[in-house]
Student: 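The structure under discussion is supplied below as structure tokens; questions concerning it will follow.
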Amino acid sequence: MKNVLVCRGITKSYGSGNLVEQVLKRVDLEFSQGEASVLVGPSGSGKTTLLSILGCLLEPSSGELLVENSAVNFSDKSSLTEVRRQKLGFIFQQAQLLPFLTIDDNLSVVGRNAGMEQTDIDQRVNKLLDRLQLQPLRHKYPTQLSGGQRQRVAIARALLHRPSIVLADEPTAALDWNTGKTVVELLLEQARIENAVLVVVTHDTRMLPLFDRILSIADGLLVERQQTAATENTFYTETNLDHPPGL
Amino acid sequence: MLLYNRSRFAMTILGISLAYFLAAAQVGLLVGWIHTNSAIINHAGVDIWVMSKGTRTLDYGTAIPRQRIQQTLSVPGVKWAEGMLVGWVNWQHPEGKRITVEVIGLDNGNAGGPWRMSEGDISAVHLPETVIVDELSRQALGIIELGQETEMEGKRVIIGGFSQGVRTFTAAPFVFTSIENALDYVPYYRDDEISFVLVNCENAAEVKSVRDRIAMEINDVEVLTTEEFADRSVKYWMLETGVGITVIITASLGLLVGVVIMSQTLFSITQDHINNYATLLALGFHQKSLRSIILTQSLILGGGGITIGSLLFVISCQLTALSPIPLETTPLVSTCLTLFSMLFCVAGSWFSIRAVFKLDPVSVFH
């Protein structure tokens, strides 16, 4: 499988002089097509910083980011916009749908922005709404939906323009456990159907067994953990649901 | 986006309308004042004014010999000329108090007289002891009806008619009569003196050359076209007197406050959606797309608000047309005001666009 997203020696520091704080310390990563990774770590460990760099939203202090084998030029704002527009899909903690547009329009506007043909947009919207069981809600506004429904729409929005990379920042943080689990399962399923790289940041360790890779970050250092049977077993033990295992 | 929150949309339009109306009303007051202090000059229907040198305004015309009328008539290009006398005298209010009035003495053609009558006829000024006062001055002068008698400078006057919409910029109401009658009341004019010679030219295209010829023929007077005299009068009242400067400052502040409110309203409506713009930036929307959204939004809100504000202003102009303090405008002023307001709307949008583009798209992750 080809590497769609590659980080080479990525670092990120804030401040200057004696007050420099290094948030990311030389991150080297490769994400293959269709691979689902989860990024975990305590608050302030650098998860969101790394996700922002992967999403071409934040320039690293050093290192190189390659998207589909092309180095991202962080000094060129318009090329960053183009990469985000064509190759990336985002899912945010609060869904962040546009409240003044219907679900249908929330999806269509992303397709139009990505330069898709209207017929293609219509087909794609229909397909995703079917797959995510959102058809009955397509003419409603985001405020008329539950948190879980909104996140399902956010998944559809992230995938609509067939991005090669989907990044999700704590997509279940505002949801209860069952709804959150359903959302993540749907996200994984859809990303796999689309053969997209999926990187999800979460605090919820109960989600870990669902992913292909577990990336743990602490004090700016990234460590890759192996998925173990024990983790999976623990995950599926209902008695442990309220006390999930740490890494 | 705009119609999503209809009450917010309505309040924004209303806010911009009222802000525009505030600005337009202040400018309208200024225009009303300007029109008022040059109204008699502009309504006289003449091309040229001959006056004593250094006359600042119609209200402060000083004596020139009546023979200047004949001298003016002898200048080539002059079609006709007649006199006007302006003086300040005491008016006896029926309740006992005395107030100062500005007497305008008219010649046979009534040039410089009231241009609209509500009761009586302008020719009444040529009857002995007869005057015309304006409807707006009835209360100030204590006049109730046509034919009422009172005293001016200790001599009897009879109300022969009421004019309409002849306002005064000073506190002294205008009282129109004939030059002959005026000479009886204004003590500091001799019988062979007037204040102005009003001139009409044979050819309207030659007004300036006729003006120059009169100035060459008659040495001890100043000769101005109607436009020049109106400008001088306006400049005197507006720039050389405290009241004029106060009106200008008030109008300027009103205009500034109005357009700044409009600008701020448009800025704040963008700020209300700042998170949505951050999301759009993160999703890869081009800056030009966001710019066009914000500008379109501003044009709809600004245009709608200005249109409604203009309607309010037009209604107010009509309602105040016959009041002592009218709101008035001209096509040029209205155009400038609209463009100025739109400029501030665009400025508000520009600042909000800057604020949006300064957004860190990373903020969507927080």
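To find a chain, count down the sequence lines: A is the first, B the second, and so on, and within it residues start at 1. What's counted below: heavy atoms across the whole structure, side chains too, no hydrogens, waters or symmetry copies. None of the values given here were measured: they were computed from a predicted structure.
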Student: Among Arg84(A), Arg85(A), Arg157(A), which residue satisfies the side-chain contact (heavy atoms from CB on, under 4.5 Å) criterion with Leu283(B)?
Tutor: Arg157(A)

Student: More than 12 heavy atoms of other residues, nucleotides or ligands under 6.0 Å from CD of Glu117(A): yes or no?
Tutor: no

Student: So which part of Thr143(A) gets closer than 4.5 Å to some heavy atom of chain B, the side chain, the backbone, both or neither?
Tutor: side chain

Student: Can you check whether Pro99(A)'s main-chain N or O pairs, donor with acceptor, with Asn276(B)'s side chain at less than 3.5 Å?
Tutor: no

Student: Could you pull out the closest heavy-atom pair between Phe92(A) and Ala282(B), with the gap in Å?
Tutor: CZ-CB, 4.1 Å

Student: What do you reckon, is OH of Tyr236(B) surrounded by more than 12 foreign heavy atoms closer than 6.0 Å?
Tutor: yes

Student: Could I get the full list of ring-ring contact (aromatic ring centres under 6.0 Å, His included) partners for His43(B), not counting sequence neighbours?
Tutor: Trp115(B)

Student: Enter the distance from Asn113(A):CG to Leu280(B):CG here, rounded to the nearest 0.5 Å.
Tutor: 8.0 Å

Student: At what distance, to the nearest 0.5 angstrom, does NE2 of His286(B) lie from OG of Ser78(A)?
Tutor: 7.5 Å

Student: Heavy-atom cut-off 4.5 Å, strictly under: side chain, backbone, both or neither for Leu97(A) against chain B?
Tutor: backbone

Student: By ring-ring contact (aromatic ring centres under 6.0 Å, His included), which residues pair with Phe31(A), not counting sequence neighbours?
Tutor: none

Student: Stepwise, does the side chain to side chain contact (heavy atoms under 4.5 Å, CB included) test hold for Phe285(B) with Val109(A)?
Tutor: CA-CA 10 Å; Phe285(B) 277 70; Val109(A) 77; 4.0 Å; yes

Student: Could you tell me whether Gln118(A) atom CD has more than 12 heavy atoms of other residues or ligands within 6.0 Å of it?
Tutor: yes

